[in-house]
Amino acid sequence: SIPLIVVGASLGLNLTGAKLDFNAILGLFSLAGIIVNNAIVLIERIDEERAAGAAVNDAVVTASQARLRPIVMTTLTTIAGLVPLYLFGGELWRGMTVVMMFGLGVGTALTLGVVPVLYAQMFRWRAAGTVREDAPLESLLGNEQPRRLGALVAVDADGRVRGVITLDQVGRALRTA
């Protein structure tokens with residue numbers, strides 16, 4: 001979910017003409033924490049629904065509906081709290097507030113849309129055998145060691161691959177959602 005904040009932050013900086021200065025970069029770091037927290041809370045709720053016996057798609061829908069209001073309310077109150085700093089804080093704080101307001105607004109909207117889609121898609125790929133589990137990393141990469149760019153690989157502490165998703169698969173999932 002962290003790359004999603006860059007969309008809103010860069011949009012805000014371009015629209016307002018604010019500069020990407022030191023304070024704006026600090027705003028990006030704090031924004032990353034907020035957006036990651038939103039994604040974690042959403043995924044935890046999906047996992048709770050699945051533990052209660054719901055199917056993957058039902059768990060995603062139920063959890064997304066349950067977490068929508070708290071996440072949006074937190075986002076809106078944070079943005080509203082930053083408006084006075086943007087209006088009256090002067091040039092020193094302008095970049096940070098723009099990055100946080102736009103990044104949080106757009107990043108939250110994208111997180112609420114993209115994270116559930118990718119979660120559901122991961123389970124579709126797993127069921128179809130596209131995502132390989134418990135394979136050693138060497139068997140996946142073979143002779144093409146560093147050429148596995150364009151893929152997300154989750155590896156556990158023992159060096160065993162927990163999942164592989166190519167970026168093409170992510171793009172197709174987002175287009176079909």
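Any value given below was found using the heavy atoms of this structure, including those in side chains, with hydrogens, waters and symmetry copies removed. Residue indices begin at 1 and follow the sequence shown.
- Between Phe102 and Val7 there is no side-chain heavy-atom pair separated by less than 4.5 Å.
- Note that OG of Ser30 is 12.0 Å distant from CD1 of Ile25, once rounded to the nearest 0.5 Å.
- Val99 approaches Gly27 most closely through the heavy-atom pair CG1-C, 4.1 Å.
- Taking Tyr119 as the reference, Phe123 meet the ring-ring contact (aromatic ring centres under 6.0 Å, His included) condition, with sequence neighbours excluded.
- Here the straight-line distance linking atom CG of Asp21 with atom CD of Glu91 works out to 7.5 Å at 0.5 Å rounding.
- Contact detail for Gly107 and Ile35: the closest heavy-atom pair is C-CD1, 3.7 Å.
- With rounding to the nearest 0.5 Å, the separation of CZ in Arg67 from CD in Glu44 is 9.0 Å.
- For the residue pair Gly95 and Leu13, the shortest heavy atom distance occurs at O-CD2, 4.3 Å.
- In the hydrophobic clustering of ILVMFWY residues, with side-chain heavy atoms under 4.5 Å counting as a link, Val114 and Val41 come out apart.
- Contact of the Val72 side chain with the Leu112 side chain is registered, since non-hydrogen atoms from C-beta on lie closer than 4.5 Å.
- Considering every non-hydrogen atom in both Gly103 and Leu31, the closest pair reads CA-CD2, 3.5 Å.
- Tracing side-chain contacts under 4.5 Å through hydrophobic residues (I, L, V, M, F, W, Y), one reaches Leu11 starting from Met96; they form part of the same cluster.
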Validation: residues 77-87 side-chain donor-acceptor distances under 3.5 Å, sequence neighbours left out:
residue : atom : partner : partner atom : Å
Thr77   : OG1  : Met73   : O            : 3.1
Thr77   : OG1  : Thr74   : O            : 3.0
Thr78   : OG1  : Thr74   : O            : 2.8

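- Remark: Leu76 CG to Leu104 CG distance equals 8.5 Å, nearest 0.5 Å.
- Thr75 pairs by the side chain to side chain donor-acceptor pair (under 3.5 Å) definition with Thr108, not counting sequence neighbours.
- At distances below 3.5 Å, not a single donor-acceptor pair connects side-chain atoms of Asp58 with backbone N or O atoms of Ala54.
- Considering CZ of Phe22 and CG of Leu92, their distance stands at 10.5 Å, rounded to 0.5 Å.
- No continuous path of ILVMFWY side-chain contacts below 4.5 Å connects Val61 to Val56, so the two sit in separate hydrophobic clusters.
- Nearest heavy atom pair, residue Ala24 against residue Leu20, reads CB-CD1, 3.9 Å.
- In this structure, the side chains of Ser64 and Leu42 come closer than 4.5 Å at one or more pairs of heavy atoms.
- A donor-acceptor pair under 3.5 Å is absent between the side-chain atoms of Thr62 and the main chain of Ala59, judged by distance alone.
- To the nearest 0.5 Å, atom CG of residue Asp47 and atom CD1 of residue Ile40 are 11.5 Å apart.
- Gly8 and Val106 get closest at one heavy-atom pair: CA-CB, 3.6 Å.
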